[in-house]
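One structure is given here, and the rest of the page talks about it.
Every chain is numbered from 1 and lettered A, B, ... according to where its sequence line falls, protein lines coming before strand lines. What you see is a predicted model, and the numbers here were worked out from it, not measured in a lab.
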Number of protein chains: 2
Amino acid sequence: MEVLMRSLKMGINDELYIKDPESSDLGKKIVEQSILLLDEVGFEQFTFKKLGTRIKSNESSIYRYFENKNKLLLYLASWHWAWMECRMVFETNGIPDPKEKLKRAIEILTQNVEYDSTVSHINESVLNKVIIDEYSKSLLVREVSKEKRDGYCIIYMRLVERLCKMIIAVDKGYPYPNSLASTVLEGTLYQYFLKAHFPALTDCDGDITPTDYFTDLVFRAIKK
Amino acid sequence: MEVLMRSLKMGINDELYIKDPESSDLGKKIVEQSILLLDEVGFEQFTFKKLGTRIKSNESSIYRYFENKNKLLLYLASWHWAWMECRMVFETNGIPDPKEKLKRAIEILTQNVEYDSTVSHINESVLNKVIIDEYSKSLLVREVSKEKRDGYCIIYMRLVERLCKMIIAVDKGYPYPNSLASTVLEGTLYQYFLKAHFPALTDCDGDITPTDYFTDLVFRAIKK
DNA sequence: ATATATTGATAGTAAAACTATTATTTTTGC
DNA sequence: GCAAAAATAATAGTTTTACTATCAATATAT
């Protein structure tokens with residue numbers, strides 16, 4: 001798997017960047033360090049100036065890669081969802097039983113992402129934390145046309161669709177497969193968010209995981 | 001109900017404002033028009049300067065009511081959740097059967113809020129739209145201590161707790177009542193959000209409502 | 001070795017997010 | 001009805017952010 005991943009170039013919408021950050025050392029450093037800086041200071045306090053200082057490069061150089069910090073966050077989110085999709089497809093491939101397949105998919109999608117040095121310059125575990133706290137801020141709802149927005153989020157949309165199809169494969173009569181799939185993905189981020197910031201509002205703690213909760217929920221929902 | 005509501009002063013954390021906006025005409029106008037402006041331009045483009053122009057008042061006057069636009073949004077969110085709590089308690093009060101009670105609560109909490117002139121200066125229907133698009137941006141996670149954050153969100157937390165208790169009243173053995181309750185509240189906003197901006201990711205449309213989806217989901221989850 | 005692309009350094013602009021000061025208006029107590 | 005107090009308006013100023021523009025320095029490619 002590691003070998004496969006390393007050589008895999010994520011198909012991220014090229015309108016999210018000006019110059020492909022994968023194409024140079026500076027670009028990779030921008031991506032690498034933006035994740036760490038976002039984790040440290042949050043999206044609101046994050047600026048290209050601070051990032052420039054941190055990577056000992058210039059603010060204006062960063063602007064040559066990304067239009068603004070919103071696009072950068074969307075780029076990172078795309079990367080994250082591409083990574084999740086990749087892992088999900090890989091790990092469920094070849095499971096013949098639809099129930100087992102769905103179970104494994106939910107497991108992958110709701111698990112806390114562990115550090116994995118597969119893609120050297122991206123710390124996927126820290127990126128996961130960033131997505132939990134900031135993902136909702138990346139959805140540029142006003143600034144952008146519907147078509148562009150869909151383009152920016154295409155990987156996420158595809159992931160919901162995949163999960164939706166797995167749900168249908170287990171119970172083709174279930175009337176809300178899209179909603180259930182999107183609830184699992186968004187709800188997972190939300191439960192981790194609550195665990196970190198409002199623990200009284202979730203049962204997920206050291207013992208119970210979002211995986212436990214959502215696996216139970218989905219199978220109770222679709223089991224006739 | 002209307003009479004009760006009109007006289008009801010929502011118990012909103014007084015650290016969310018500098019001067020109580022309910023205490024003056026200007027204050028009410030700030031709240032009234034901020035909802036409409038937020039709906040029109042979104043949180044990012046919203047400024048106190050624009051709001052000042054709109055209400056033919058001065059930027060600096062608005063700063064005497066609210067520290068900044070984040071606090072204003074949190075104030076509005078508190079108002080919204082207080083209103084939901086109020087309606088939920090009122091509408092479920094006196095229902096003896098726990099199942100019926102829970103069903104009615106979910107109905108209230110997941111329904112689209114209709115315009116209601118009960119509180120003259122607040123258009124709760126537009127506020128509901130604003131909350132759907134912007135609520136997640138109101139959770140000041142970095143800027144503020146855990147205690148303050150809890151204080152700001154106390155009404156929302158209480159609402160989750162109430163719903164949680166209603167779930168337990170139907171099935172005291174269900175292992176994830178807090179998570180299910182928070183999923184219903186957050187998930188409802190999310191399903192409406194998707195309906196408006198990414199309709200392919202939800203089954204909720206003109207026909208199917210979030211109420212249908214979540215009523216079904218909750219009762220499948222807790223029915224043994 | 002030279003043309004080309006990339007990056008760095010510096011400077012500058014426009015707007016946002018406030019703060020401070022003073023003037024004017026409105027409210028309230030008496 | 002009037003003086004004192006409170007609230008609001010007008011104006012101006014500060015700092016920070018989010019960029020853009022220009023040009024110099026450096027790396028790379030042929």
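The aromatic ring centroids of A:Tyr213 and B:Tyr176 lie less than 6.0 Å from each other.
Among the heavy atoms of the strands lying under 4.0 Å from B:Tyr65 are primed sugar atoms or P, OP1, OP2 only; no base atom is included. Base engagement by A:Ser60 is indicated by at least one non-hydrogen atom pair under 4.0 Å involving a base atom.
With a 6.0 Å cutoff to the six-membered ring centre and a 45° limit on the axis angle, B:Lys69 does not count as a cation-pi contact of B:Phe48.
The phosphate of C:dA20 (OP1 or OP2) has no side-chain N or O of B:Tyr63 nearer than 4.0 angstrom. At the phosphate of D:dT16, neither OP1 nor OP2 sits under 4.0 Å from any side-chain N or O atom of A:Thr47. Within the 4.0 Å cut-off from OP1 or OP2 of C:dA17, not a single side-chain nitrogen or oxygen of B:Lys49 is found. Between B:Ser61 and D:dA9, a side-chain N or O to OP1/OP2 separation shorter than 4.0 Å is present. The side chain of B:Ser24 contributes no N or O atom lying less than 4.0 Å from OP1 or OP2 of C:dT27.
Between D:dT11, D:dA18, D:dA21, one nucleotide has an atom nearer to the side chain of A:Lys69 than all others, and that is D:dA18.
A residue-by-residue look at A:Arg64 and A:Glu59 shows that A:Arg64 has its nearest nucleotide of DNA chain C further toward the 5' end. DNA chain D is contacted by both B:Asn58 and B:Lys19; B:Lys19 maps to the nucleotide lying nearer its 5′ end (nearest heavy atom per residue).
As rounded to whole Å, 14 Å separates atom P of D:dA18 from atom CD of A:Glu67. Atom-to-atom, NZ of B:Lys71 to P of C:dA17 comes out at 15 Å; the value is rounded to the nearest Å. Between the NZ atom of B:Lys56 and the C1' atom of D:dT8 there is a distance of 16 Å, given to the nearest Å. Taking atom CD of A:Glu44 as the reference point, atom P of C:dC18 lies 13 Å away to the nearest angstrom.
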Under the side chain to side chain donor-acceptor pair (under 3.5 Å) criterion, do B:Ser179 and A:Gln191 qualify, and how do the steps go? CA-CA 7 Å; B:Ser179 290; A:Gln191 293 299 312; 2.8 Å; yes
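With hydrogens and angles left out, the side-chain atoms of B:Ser24 and B:Tyr65 include a donor and acceptor closer than 3.5 Å.
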